[in-house]
There are 2 protein chains.
Amino acid sequence: MVKKILVVDDEERLVSLVKAYLEQEGYRVATAQDGKEALIAARAEKPDLIILDIMMPEMDGYEFMRLHRRDQNTPIILLTAKVDEDDKVVGLELGADDYVTKPFRPRELLARIRAVLRRSGETEPTAEILHHADITLDRESHNVKVGESFVNLTPSEFDLLAVLMSSPGRVFSRLDLLDHIQGVAYGGYERTIDVHIKNLRSKIEPDPRSPRYIETIYGVGYRFSRE
Amino acid sequence: MVKKILVVDDEERLVSLVKAYLEQEGYRVATAQDGKEALIAARAEKPDLIILDIMMPEMDGYEFMRLHRRDQNTPIILLTAKVDEDDKVVGLELGADDYVTKPFRPRELLARIRAVLRRSGETEPTAEILHHADITLDRESHNVKVGESFVNLTPSEFDLLAVLMSSPGRVFSRLDLLDHIQGVAYGGYERTIDVHIKNLRSKIEPDPRSPRYIETIYGVGYRFSRE
DNA sequence: AAGTGTCTTCATAATATCTTTATAATCTTC
DNA sequence: GAAGATTATAAAGATATTATGAAGACACTT
């Protein structure tokens with residue numbers, strides 16, 4: 001059963017990034033820009049989890065939670081810009097299940113989503129195993145196997161490979177890739193990706209000089225071989 | 001995974017005896033002195049089984065069951081001082097899974113606990129004895145053997161090792177691990193795991209500086225060696 | 001109430017990773 | 001095949017994460 005997640009934030013860019021990321025991970029995603037919209041969406045969509053920004057115009061996160069909790073018990077993960085402990089306390093008292101401070105890396109949010117869903121008795125979501133060519137990537141156990149041997153990847157390398165393998169044949173620009181491995185709303189430098197790719201290749205390619213799995217598309221980006 | 005049991009009774013001495021006994025048997029134990037406390041604990045700790053005294057001040061066992069069963073379905077074993085058949089009937093009608101009359105022998109309680117947990121459809125066909133590399137962990141007797149010698153682990157260390165050994169090669173995040181060793185999900189601080197791991201390593205690793213059993217996966221968590 | 005053992009928190013040292021920088025190699029276009 | 005642009009690579013510097021020791025909090029015993 002695919003889990004549905006409602007993302008509520010007034011920053012459009014953040015919402016669409018998170019949406020894209022979660023959808024790629026196999027979740028269904030609904031979105032709302034403010035508390036009022038969110039209440040309607042929560043009722044209509046019946047999400048399994050809500051990701052909620054505290055600071056929003058009109059109706060803030062706390063207010064939303066108060067109203068929402070009156071008739072539903074959906075797990076909630078709070079997003080907060082502040083590192084303020086008070087926020088955490090107030091949020092958790094109001095019944096939030098966890099909270100994540102901005103800026104955050106997608107992988108961190110994902111980890112917390114999984115933990116909350118698992119805690120609330122829900123079964124694990126979609127198949128977490130990607131398999132193409134003779135590379136196997138298991139998101140859940142965080143293992144990567146090339147042929148018969150396991151390789152150890154750094155977090156960035158792992159995420160990069162996961163994104164590329166999620167759509168073999170599709171070309172991802174460096175900016176696309178940067179969004180996945182860096183915090184949402186980080187100003188990153190595209191060339192960083194080149195280095196990660198180089199390191200990744202050195203770990204998974206038989207001959208990094210003429211890559212078989214991760215191909216370079218000149219002037220555009222990288223893609224995982226369609227085979 | 002280690003089962004958690006909530007013991008509810010107003011007699012302190014009885015509670016601590018049962019707690020000690022069950023912990024020795026490898027269960028995790030939470031306690032409460034009256035119905036109100038118990039309701040809170042039941043929600044926070046999400047026990048796999050509740051052992052409940054019927055006669056308590058404030059809120060008695062029946063009342064607790066009524067309230068608790070409104071939103072959860074934890075198996076319940078009733079403790080009763082009377083040998084009154086009525087109690088049995090009322091209790092079972094309210095949905096108790098078994099009952100034990102005081103005074104009782106620990107072994108008897110234990111037998112019923114096992115029976116109820118087994119009956120309540122709880123999965124747990126998992127082996128009670130985990131054996132990997134040259135570490136043996138016995139959930140039932142709560143013993144851990146490294147090579148030929150037994151080591152004494154604290155409850156947290158035992159749980160941690162049990163979880164890691166349940167899936168060698170699988171990486172567990174600190175959040176995952178925290179959920180296993182702590183009752184309340186969000187009370188904790190992830191770094192606590194680091195310390196438990198350090199202590200665990202000092203007890204089981206020949207050379208804690210370069211761990212052979214428990215490996216660190218930078219940026220992700222820990223795993224038991226795939227070998 | 002003191003004592004033991006465990007768990008948690010905190011501060012700091014040790015590591016691993018990530019990013020940047022500079023230069024070499026490669027590709028595209030003309 | 002040459003010029004200009006893009007990518008690969010190595011190495012240094014900056015960041016982030018983990019390991020560790022020690023102090024304090026907590027729970028249970030005596």
Side-chain angles (χ1 to χ4, degrees), chain A residues 85 101 103-105 107-108 111 152-160 171-175 177-178 180-183 186-203 205 207-211 214-223, chain B residues 7 12-24 28-33 41 151-161 171-175 177-178 180-184 186-203 205 207-211 214-223:
Chain A
E85 274 299 295
T101 55
F104 54 87
R105 271 180 279 179
R107 68 160 37 243
E108 189 191 339
N152 288 321
L153 302 182
T154 70
S156 295
E157 287 156 15
F158 186 91
D159 289 348
L160 225 39
V171 183
F172 292 88
S173 74
R174 288 175 177 73
L175 277 174
L177 298 172
L178 214 53
H180 281 272
I181 66 168
Q182 291 192 332
Y186 248 55
Y189 180 48
E190 295 187 37
R191 291 296 140 205
T192 300
I193 297 297
D194 298 32
V195 180
H196 286 308
I197 292 286
K198 167 175 97 53
N199 296 330
L200 183 50
R201 278 174 172 161
S202 78
K203 292 182 181 179
E205 295 282 358
D207 175 14
R209 293 311 190 89
S210 51
I214 299 178
E215 303 169 344
T216 302
I217 308 304
Y218 189 94
V220 188
Y222 298 95
R223 78 173 169 211
Chain B
V7 179
E12 239 177 279
R13 184 173 153 66
L14 184 144
V15 169
S16 68
L17 272 175
V18 171
K19 178 173 178 357
Y21 187 75
L22 293 181
E23 280 180 344
Q24 198 193 335
R28 292 228 126 212
V29 179
T31 63
Q33 305 264 17
V151 292
N152 285 322
L153 301 184
T154 69
S156 294
E157 287 157 14
F158 184 87
D159 283 356
L160 224 39
L161 184 58
V171 183
F172 292 89
S173 73
R174 288 176 176 72
L175 229 44
L177 298 171
L178 209 55
H180 279 100
I181 67 166
Q182 289 192 341
V184 201
Y186 35 77
Y189 179 47
E190 293 187 36
R191 291 294 142 206
T192 300
I193 297 298
D194 297 33
V195 181
H196 286 308
I197 292 286
K198 168 173 96 54
N199 295 330
L200 185 50
R201 277 173 173 162
S202 77
K203 292 181 181 178
E205 295 283 357
D207 176 13
R209 292 309 189 91
S210 50
I214 299 178
E215 302 170 342
T216 302
I217 309 303
Y218 186 97
V220 187
Y222 298 95
R223 76 174 170 211

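Naming convention: chains lettered A, B, ... in sequence-line order (proteins, then strands); numbering from 1 in each chain.
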Inset, instruction - Rounded off to whole Å, could you give me the CD-to-P distance for the A:E157 and C:dT17 pair? - result: 8 Å

Inset, instruction - Examine C:dT9: is either OP1 or OP2 under 4.0 Å from a nitrogen or oxygen in the side chain of B:T192? Give yes or no. - result: yes

Inset, instruction - Identify, between A:E190 and A:L153, the residue whose nearest nucleotide on DNA chain C lies closer to the 5' end. - result: A:L153

Legend entry - Interatomic distance, B:T216 atom OG1 to B:D194 atom CG [nearest 0.5 angstrom]: 8.5 Å

Legend entry - Atom pair CD1/OG of A:I193 and A:S173 - distance to nearest 0.5 Å: 9.0 Å

Inset, instruction - With sequence neighbours left out, write down each residue that passes salt bridge (Lys or Arg N to Asp or Glu O under 4.0 Å) with A:R201, or none if nothing qualifies. - result: none

Inset, instruction - At under 4.0 Å between heavy atoms, which parts of nucleotides 18-25 of chain D does protein reach? Answer with one letter per nucleotide, 5' to 3': B base, S sugar-phosphate only, - none. - result: SSBB----

Inset, instruction - Please determine if a side-chain N or O atom of A:Q182 lies less than 4.0 Å away from the OP1 or OP2 oxygen of C:dT19. - result: yes

Legend entry - For A:D207, side-chain hydrogen bond (donor to acceptor under 3.5 Å, both in side chains) partners two or more places apart: A:S210

Inset, instruction - May I ask you to evaluate whether B:H196 reaches the phosphate of C:dT8, defined as a side-chain N or O under 4.0 Å from OP1 or OP2? - result: yes

Inset, instruction - In whole angstrom, give the distance that lies between atom CG of A:L200 and atom P of D:dT7. - result: 17 Å

Inset, instruction - With rounding to the nearest 0.5 Å, note down the distance linking CD in A:E215 to CD1 in A:I197. - result: 11.5 Å

Inset, instruction - Would you kindly give the NZ-to-C1' distance between A:K203 and C:dC18, to the nearest whole Å? - result: 12 Å

Inset, instruction - Sequence neighbours left out, what passes side-chain hydrogen bond (donor to acceptor under 3.5 Å, both in side chains) with A:K203? Give chain and number order. - result: A:E157

Legend entry - Rounded interatomic separation in angstrom, taking CD1 from A:I193 and P from D:dT9: 16 Å

Legend entry - Heavy-atom check, side chain of A:R107 versus side chain of A:F158, under 4.5 Å: yes

Inset, instruction - Provide, to the nearest angstrom, the distance between the OH atom belonging to A:Y189 and the C1' atom belonging to D:dT15. - result: 18 Å

Legend entry - Angle between terminal axes - the helix from C:dA1-D:dT30 to C:dC30-D:dG1, 5 pairs each end, rounded to 10°: 40°

Inset, instruction - Not counting sequence neighbours, which residues clear side-chain hydrogen bond (donor to acceptor under 3.5 Å, both in side chains) with B:Q33? List them please. - result: none

Inset, instruction - State whether B:T154 places a side-chain N or O below 4.0 Å from either non-bridging phosphate oxygen (OP1 or OP2) of C:dC7. - result: yes

Inset, instruction - Whole angstrom is fine here: how far is it from CZ in A:F172 over to P in D:dT7? - result: 17 Å

Legend entry - Pairwise side-chain contact, B:L153 with B:L160, heavy-atom cut-off 4.5 Å (strictly under): no

Legend entry - Nucleotide C:dG5, atom C1' - distance to CG of B:N199 in whole Å: 12 Å

